[in-house]
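All values below come from the heavy atoms of this structure, side chains included, with hydrogens, waters and symmetry mates left out.
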Amino acid sequence: MAQQPITLIGGGLVGALLAQQLAQRGFAVEVYEKRPDPRLTGFLGGRSINLALAERGLQALRTAGLADDVLQRAVMMRGRMVHALDGNSGLQRYGVDDSEVIWSVSRGALNMLLLDAAEAAGVQFHFGQSLVSADFDAQRIRLADASGVERDSPVGMLIGADGAGSAVRAAMNAHSPLGERIESLGHGYKELEIPPAGELPDAVRQSSGGHDQFALEPHALHIWPRGGYMCIALPNTEGSFTVTLFLPAQGTAPSFATVPDATAAAAFFSEQFPGLLPLIPRFNEDFDSHPVGTLSTLYLERWHLDGRALLIGDAAHAIVPFHGQGMNCGFEDTVVLANLLAAAPNDSAEVFAEFQRVRQPNANAIAAMALENYVEMRDSVADPHYLAKRELGALLATRAPEHYMARYRLVTFSHVPYAYALERGRAQDALLEQLLRNTPQVANIDLDAAVSLFQSSLPPLPPLRHG
Ligand SMILES: Cc1cc2nc3c(=O)[nH]c(=O)nc-3n(C[C@H](O)[C@H](O)[C@H](O)COP(=O)(O)OP(=O)(O)OC[C@H]3O[C@@H](n4cnc5c(N)ncnc54)[C@H](O)[C@@H]3O)c2cc1C
């Protein structure tokens with residue numbers, strides 16, 4: 001039976017799921033979380049913020065025995081509903097059928113469910129306790145409570161699941177540099193809300209399709225691509241949608257600098273998102289009171305300090321959100337780490353090194369794909385060449401499923417390593433480009449020859465899911 005006590009900093013999505021899995025494997029786990037207990041105080045001021053759960057995250061939740069509970073509180077999204085400027089919209093399915101869908105979940109509800117599960121597994125939580133610093137040589141950490149009162153506490157194995165601005169990472173970096181590089185995207189985001197359809201004026205409800213509960217098709221991730229920027233909207237179970245505007249931070253083209261307040265933003269929306277604006281009745285209040293979030297990719301050369309401390313989730317590899325994989329990747333991390341630690345509970349140095357060896361190439365790969373997906377979402381989803389490649393890919397996926405699977409599907413619906421998905425995606429894309437070079441019309445392509453090209457150029461795909 002594993003015995004070494006573990007101190008986890010951060011009881012967010014990744015920290016809570018990791019804590020539950022470690023406790024299930026027999027470890028004594030203590031978690032220090034900066035915020036108060038959201039089950040007592042509510043989450044993030046009560047705003048509905050949601051995120052997309054995909055197969056990798058679901059698989060981790062299955063391992064933890066929590067997938068069914070989470071899916072009961074989730075809304076299925078079958079594909080992207082793309083809204084053009086002229087008001088036309090169309091669904092681009094993500095997968096082949098309803099076995100390949102993603103799920104919109106409330107961040108707050110998911111976090112609370114994970115906290116309950118971790119506590120039930122025996123994890124001890126200390127809320128309102130913020131890590132201030134760590135002395136790795138003395139094996140002590142310094143914590144501050146909400147009123148700023150500080151105290152020291154001894155630690156054994158320290159794991160930082162304290163997110164993109166990780167204090168554990170800062171402490172490790174101060175002890176011996178981790179080779180940190182943070183690349184800002186130069187674009188920010190702001191969250192707005194479409195309320196349940198019943199709260200909208202009748203005329204607005206009728207013009208948006210006359211749905212009873214949801215103002216838009218509920219089973220889709222909505223995108224309003226506009227080239228250099230975009231809005232997206234994900235459904236919430238109670239009928240609302242969380243809208244996110246992604247926009248450059250600076251510059252003379254539309255940016256948060258040129259759209260600094262609700263008045264300027266409303267004029268911008270009425271020009272660029274005319275169908276969306278009437279669905280957001282609290283536009284002015286939301287725009288002026290919600291902060292602009294920043295988006296960056298974090299790269300580290302090293303994720304651990306020998307066997308004393310390790311980073312996981314966003315603390316190790318924060319990425320931009322355009323593949324909807326940050327949490328999914330962090331959830332995948334938790335299963336890998338819990339299994340490695342369970343197999344060698346008293347060899348944390350070896351476990352942490354192996355965890356980095358296995359996960360870092362995959363974190364780098366999803367970081368790259370998430371950046372590429374921003375361009376795809378805001379731009380290419382409406383581009384004819386992109387659509388032709390998609391169409392040809394869909395035909396090949398039916399005719400040669402052992403040799404072609406769209407990269408998005410490999411990332412979103414399979415368990416193959418992200419690094420494999422990136423590499424395979426590049427090889428497949430080169431062949432699609434080759435086929436479309438002289439015949440841009442998919443209807444003119446000899447599909448038998450296309451299948452042969454894929455079969456002769458690429459090995460068959462590996463098993464897509466395990467367990
Ligand atoms: C706009 C946006 C949309 C996204 N959409 C998706 C999506 O659709 N799908 C997806 O998979 N991912 C998405 N992500 C990414 C996802 O939010 C993160 O990958 C995920 O939250 C990482 O979880 P985490 O537990 O590592 O970090 P966090 O969720 O940031 O949790 C860190 C926790 O540590 C606590 N903490 C911080 N500092 C301290 C301290 N000093 N002491 C103690 N505790 C501390 C925090 O209070 C928090 O509870 C999105 C991200 C953004 C910004």
So, does Q455 use its side chain to make a donor-acceptor pair with the main chain of H403 at under 3.5 Å? no

Minimum-distance pair of heavy atoms, taken over all atoms of I102 and A54: CG2-CB, 4.0 Å

Within the distance-only criterion (no hydrogens, no angle test), does the side chain of Q360 pair as donor or acceptor with the backbone N or O of L300 below 3.5 angstrom? yes

Over all heavy atoms of both residues, which pair between S166 and A315 is shortest? Give the atoms and the distance, please. CB-CB, 3.6 Å

Side-chain donor/acceptor of N328 to backbone N/O of L53, under 3.5 Å: no

Is there a side-chain contact between M76 and W103, using heavy atoms and a 4.5 Å cut-off? yes

Donor-acceptor check, side chain of D306 to backbone of A349, threshold 3.5 angstrom: yes or no? no

Are the side chains of R359 and V336 in touch, meaning some heavy atoms are under 4.5 Å apart? yes

Note, L234 side chain near M77 side chain (heavy atom, < 4.5 Å): yes

Reported CE-to-CZ distance for the pair M157 and F352, which is rounded to 0.5 angstrom: 5.0 Å

I want to know whether F256 and H187 have ring centres closer than 6.0 Å. no

Backbone N or O of R181 within a donor-acceptor pair of the E301 side chain at under 3.5 Å? no

Between the side chain of R169 and the main-chain N/O of A164, is any donor-acceptor distance below 3.5 Å? yes

Taking all heavy atoms of A23 and all of A121, pick out the closest pair and write down the distance. CB-O, 3.4 Å

Are V243 and K190 packed together at the side-chain level, in the sense that at least one heavy-atom pair is separated by less than 4.5 angstrom? no

Do the side chain of S240 and the main chain of N236 share a donor and acceptor less than 3.5 angstrom apart? no

Just jot down the side chain to side chain contact (heavy atoms under 4.5 Å, CB included) partners of D145, sequence neighbours excluded, or say none. Q129, S147, V149

Residues which pass side chain to side chain contact (heavy atoms under 4.5 Å, CB included) with A67, listed by chain and number, not counting sequence neighbours: L58, L61, R62

For E183, look at atom CD and say whether over 12 heavy atoms of other residues, nucleotides or ligands are found less than 6.0 Å away. yes

Just by distance, with hydrogens left out, do Y408 and E376 show a side-chain donor and acceptor under 3.5 Å apart? no

Tell me whether R56 contacts the main-chain N or O of V416 through its side chain, where contact means a donor paired with an acceptor under 3.5 Å. yes

Identify whether the distance between the nearest side-chain nitrogen and carboxylate oxygen of D162 and K34 falls below 4.0 Å. no

Minimum heavy-atom separation for H415 and H466, please, with both atom names. ND1-N, 3.0 Å

Exercise: identify the closest heavy-atom pair between V31 and G10: CG1-O, 3.7 Å

Interatomic distance, L13 atom CG to N111 atom CG [nearest 0.5 angstrom]: 5.0 Å

In this structure, are over 12 heavy atoms from other groups packed under 6.0 Å from D97 atom CG? yes

Indicate yes or no: at least one non-hydrogen side-chain atom of P195 is less than 4.5 angstrom from one of R282. yes

Is any side-chain heavy atom of L310 closer than 4.5 Å to one of F355? yes

Between H175 and F136, what is the ring plane arrangement, given parallel below 30°, perpendicular above 60°, and tilted in between? perpendicular

Look at the aromatic rings of Y404 and F454 and report parallel, tilted or perpendicular, splitting at 30° and 60°. perpendicular

If we ignore hydrogens and angles and just use 3.5 Å, is the side chain of E354 paired with the main-chain N or O of E350 as donor and acceptor? no

Just verifying a value: how many Å separate M327 CE and I319 CD1, rounded to the nearest 0.5 Å? 11.0 Å

Do D37 and T41 come within less than 4.5 Å of each other through their side chains, counting heavy atoms only? no

Does E217 use its side chain to pair, donor to acceptor, with the backbone of H219 at less than 3.5 Å? yes

Please work out which of the three classes, parallel, tilted or perpendicular, describes the rings of Y189 and F246, given edges at 30° and 60°. tilted

Do the ring planes of F127 and F125 sit parallel (below 30°), tilted (30 to 60°) or perpendicular (above 60°)? parallel

So, for F241 and H222, is the gap between ring centers shorter than 6.0 Å? yes

Do V123 and L8 touch side chain to side chain, with heavy atoms closer than 4.5 Å? no

Note: R140 and V155 closest approach over all heavy atoms is N-CG2, 4.1 Å

Name the residue from D333, N362, T297, N364 that meets the side-chain hydrogen bond (donor to acceptor under 3.5 Å, both in side chains) definition with H317. D333

